[in-house]
Amino acid sequence: MSPAGLDARRVAAARLWASARMPYLASALFACAIDPDPGTGAVAVSQSWRIRADPEVIESLDAEQLGRLLVHLTGHLIRDHAGRARRHGADGPAAAARWNRCADAEINDDLLADDCVPGLAPDLPADLGCEPGWLAERYFDQAAGGARRWDCGSGADGSGRPGDDRSGDDGPGSGIDAAQAELLRLGVAAEIGRQHSRLPGSVPAGWLRWAESVLPSRVDWRRVLAAEIRGAVAAVAGKVDYSYRRPARRAHLHQDLIIPALRRPVPDVAIVCDTSGSMDERLLARALAEIDAVLARAGLRQGQVRVLAVDTAVHAIRRARRAADVVLAGGGGTNMGAGIAAAAALRPPPSLVIVLTDGYTPWPQRPPPGVRVIVGLLVTGFRPDDWAPPSWARTVVIEDRDG
Ligand SMILES: [Zn+2]
């Protein structure tokens, strides 16, 4: 056992067992930190994705049993049971306990086929007197009364616990915030989609329905753009971009495990805005408003966003508080390559460049080093293929579909 009191090998073995069973949950399983919480009898998850575990309970479970419990607890986080409990009005200790059982039934219903129902939190819809295949909200309204079998924590029922604030060895207040959680959910949903198309029938129906409800639809460019921006900001801010390219300094402590490296610089964002005469001004305004909202929700401070107006030349570089402050000052002809180069030359250099253009522009061969580029492609009509944005950028097609 480590000095901290948790059997790290057992936890690692349990995580590996769980991610081999359900590969689409792997990123979420490894995103949860596990902190020792001796003498409590608990293995519970907080709303910031930290698992508090009594070392004695961990000792009493083998890797497989612990793996089932980790899958189950991760399921609460992925399905946002805490947020849904609040939205469903499950307030107070009695309602929280009832919600916990109902959320357990929703998760376990999908774990049954993979033999992953945890022995400590085994409630199924039938145990609540309910039909299988529904969501916690419906179980909550219909379930027969009964005692909570296992307290899965605030990450399951949304009601904070005193121990939630205790920090682990990553420093106070650490954990996964709402934006990072949303990104992890989108990642899991995308993995589920990939596994389902590769091996139809291998993903339980409830997980599939959940993934479909989470994944952005093709027509809604707002969600795709928001996810791309949140992803880039979160990756730049660290915590979520688990890169295996550079080993973490602690990697030597776990010789048989690869510990992903975490990077955590402050993100700076530049928006390169095509102001040529062919741009659709209304669509551009909507795209800028959307970016504004996403960056604000991602918590970027004033002065971290700069906006460049570009046609054939770079007209204005403004430290804008809001993307919508941009002044369209364009003429004909566009060269977004000049805009990207000007953005990359800013001091401090941006780590994310968002380009908004109608695509009638040449592009550089490769992106500036160390800069992520998202292209918001404003589509208003026919587009020849040779104007396609470069493959090194993430492209979001922004269409005016609702008039
Ligand atoms: Zn549970």
Side-chain angles (χ1 to χ4, degrees), residues 11 14-15 17-18 21-22 25 28-29 31-35 37 40-54 57-58 60-61 64-88 90 92-130 132-140 142-161 163-164 176 181 184-185 188 204 206-207 210:
V11 170
R15 276 184 170 138
W17 180 89
R21 269 301 156 102
M22 301 191 165
L25 288 183
L29 282 162
C32 294
I34 304 189
D35 306 317
D37 197 11
T40 57
V43 180
V45 71
S46 78
Q47 296 176 78
S48 54
W49 295 52
R50 298 197 81 100
I51 294 173
R52 291 185 291 112
D54 185 334
V57 179
I58 301 293
S60 73
L61 303 171
E64 213 172 295
Q65 291 166 329
L66 180 56
R68 288 193 182 91
L69 188 55
L70 294 181
V71 165
H72 174 96
L73 293 175
T74 305
H76 284 305
L77 299 170
I78 287 293
R79 293 170 184 232
D80 190 22
H81 279 152
R84 285 166 54 193
R86 283 190 296 272
R87 289 193 287 279
H88 201 64
R98 180 183 176 84
W99 175 271
N100 195 158
R101 293 174 65 221
C102 298
D104 282 1
E106 179 194 304
I107 295 175
N108 290 343
D109 199 16
D110 280 317
L111 299 182
L112 210 49
D114 290 304
D115 187 25
C116 271
V117 176
L120 287 173
D123 272 333
L124 288 163
D127 295 308
L128 311 178
C130 294
W134 292 92
L135 298 175
E137 284 83 352
R138 180 174 169 127
Y139 299 145
F140 188 84
Q142 297 185 347
R148 160 145 68 178
R149 312 270 283 271
W150 184 257
D151 184 347
C152 294
S154 67
D157 61 28
S159 129
R161 308 287 199 279
D164 283 357
I176 303 287
L184 279 159
R185 290 189 188 103
V188 168
W207 277 116
W210 170 82

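Scope of the values below: all heavy atoms of this structure, side chains included, with no hydrogens, waters or symmetry mates. Remember, it's 1-based here, ligands and their atoms both numbered in the order they're listed.
- Listed by chain and residue number, nothing satisfies the salt bridge (Lys or Arg N to Asp or Glu O under 4.0 Å) test with Asp104 (two or more places apart in sequence, or in another chain).
- Protein nitrogen, oxygen and sulfur atoms, that is N, O or S, within less than 2.8 Å of the Zn ion (ligand 1) amount to 4.
- The side chain to side chain donor-acceptor pair (under 3.5 Å) search around Arg68 returns Glu64, Asp115, not counting sequence neighbours.
- The cationic group of Arg79 lies under 6.0 Å from the six-membered ring centre of Trp207 and within 45° of the ring axis, placing it in a cation-pi geometry.
- His88 has its side chain out of reach of Leu135: every pair of non-hydrogen atoms, C-beta onward, lies at least 4.5 Å apart.
- Residues His72 and Cys152 have side chains in contact (heavy-atom distance under 4.5 Å, counting atoms from C-beta outward).
- Partners of Arg138 by side chain to side chain donor-acceptor pair (under 3.5 Å), not counting sequence neighbours: none found.
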